[in-house]
Amino acid sequence: METVVFYQFVTEVPQAAAIWSTLFLLTLGLLAVLAARPERDRPTDDPLPAGPTPRELAAAEAVDMRRYAEEVAVAAAGAATTAKRWRAAWLTAQEQLEQAWIGYDEADAAARRFAGAGALPTPQTPHTPAEYAARERYLHRAAMAAYWRGDLTMAQLGDVFGHRRGWDPRRHPVEQEVLISRVVRDARLADYQVAADRERAAWRDAELAAESARALAEEAYAAAARLRPTLVPARRTVAGALRPAVVARWRPARVG
């Protein structure tokens, strides 16, 4: 038995040693190959990818500038159209203001005439039911005539027929005329004040629109000039010569 064991030890140990030696040598060779292999993931000698050239950058910038100039030009044209529309609205408001002033001036003159007549002694008439009925009919006719002329509103006419807000049919016709003239004058004054407020608001809107149009026009010119730098001096001189006529402020003719 001991002889067999000894025989196996003598024959198998050298074989195992030879196998392990072979594996060790193969491992060393593989490590040497891996250590000497160049990196493929990050090559150090390959050149970096080339970026855009200066000419390409200049071309892209020129495209952006041209697009911006076109957009600003469109915005400037729209702003100029808007400014013209607001100026037309202001001119209309100014005409309405002048008409309101004329209406108030006429009503004020009529009220002063009736006020002078009212300062005279009131004619004495008999205080009878027939006289009061005649005075009431006169008041209604005078109020209807003022209504059809546009001097009284429907609400004011209702006050006359309802004998409200100081409308007393028992007053003498002269007093009724004085009262009607004063009511008309006050209404015309209120109309004038409303028209004045509307004209001032239209003036402010027109000024803001004109300022916006001027700013956009200058920006559009500057953007176009950057595309054509050689034309800037001549264009700028012409623009400077024409600018006073373009940016002239609109001043309303104040009346009264």
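All values reported here derive from a predicted model rather than from experimental measurement.
- When all heavy atoms of Ala142 and Ile180 are compared, the closest pair comes out as CB-CD1, 3.7 Å.
- Between Ala224 and Ala69, the closest heavy-atom pair is N-CB, 4.4 Å.
- Note on residues 143-153: pairs passing salt bridge (Lys or Arg N to Asp or Glu O under 4.0 Å), not counting sequence neighbours, are Arg149-Asp151, Asp151-Arg188.
- Two residues are said to be in side-chain contact when any heavy atoms from C-beta on lie closer than 4.5 Å; Leu157 and Trp148 fail this criterion.
- The line from CZ of Arg198 to OG1 of Thr92 is 11.0 Å long, rounded to the nearest 0.5 Å.
- Two residues are said to be in side-chain contact when any heavy atoms from C-beta on lie closer than 4.5 Å; Trp90 and Gln94 meet this criterion.
- With rounding to the nearest 0.5 Å, the separation of CZ in Arg200 from CG in Asp205 is 13.5 Å.
- Rounding to the nearest 0.5 Å places CG of Leu139 at 9.0 Å from CG of Asp168.
- Here the side chains of Phe161 and Met144 are in contact, with some heavy-atom distance below 4.5 Å.
- Side-chain atoms of Arg87 and Leu91, non-hydrogen and from C-beta on, do get closer than 4.5 Å to each other.
- The distance from the CG atom of Asp197 to the OH atom of Tyr192 is 10.0 Å, given to the nearest 0.5 Å.
- Interatomic distance, CG of Leu97 versus CD1 of Ile102, reported as 10.0 Å (0.5 Å rounding).
- Note that NE2 of His140 and CD of Gln176 are 9.0 Å apart. Values are rounded to the nearest 0.5 Å.
- Checked by atom type and distance alone, the side chain of Glu199 never pairs as donor or acceptor with a backbone atom of Glu95 at under 3.5 Å.
- In this structure, Gln96 has no side chain to side chain donor-acceptor pair (under 3.5 Å) partners at least two apart in sequence or on a different chain.
- Across all their heavy atoms, Met154 and Tyr147 have their closest contact at CE-OH, 3.1 Å.
- Neither Leu189 nor Val183 shares a network with the other; the hydrophobic side chains, linked directly or stepwise wherever heavy atoms of I, L, V, M, F, W or Y lie under 4.5 Å apart, form separate groups for each.
- Electrostatic pairing of Glu131 and Arg135 counts as a salt bridge here, judged by a charged N lying under 4.0 Å from a carboxylate O.
- Clustering ILVMFWY residues whenever any of their side-chain heavy atoms sit less than 4.5 angstrom apart, transitively, puts Val184 in a cluster other than the one holding Val178.
- Taking both residues in full, the closest heavy atoms of Leu216 and Ala79 are given as CD1-CB, 3.5 Å, listed atom of the first, atom of the second, then distance.
- The closest donor-acceptor contact from the side chain of Ser212 to the backbone of Leu208 lies at 3.5 Å or more, if one exists at all.
- Residues meeting the salt bridge (charged side-chain N to carboxylate O under 4.0 Å, His left out) test with Asp186, sequence neighbours left out: none.
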(request) Give the C-alpha distance, both sets of side-chain angles, the deciding distance and a yes or no for side-chain contact (heavy atoms from CB on, under 4.5 Å) between Glu70 and Val74. (result) CA-CA 6 Å; Glu70 292 174 354; Val74 172; 5.6 Å; no
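- For the pair Tyr138/Arg141, a side-chain contact is recorded, criterion being any heavy-atom separation below 4.5 Å from C-beta on.
- Arg204 has no carboxylate O lying under 4.0 Å from a charged side-chain N of Glu207, or vice versa, which leaves the two without a salt bridge.
- Here the closest non-hydrogen pair linking Ala213 and Ala83 is CB-CB, 4.1 Å.
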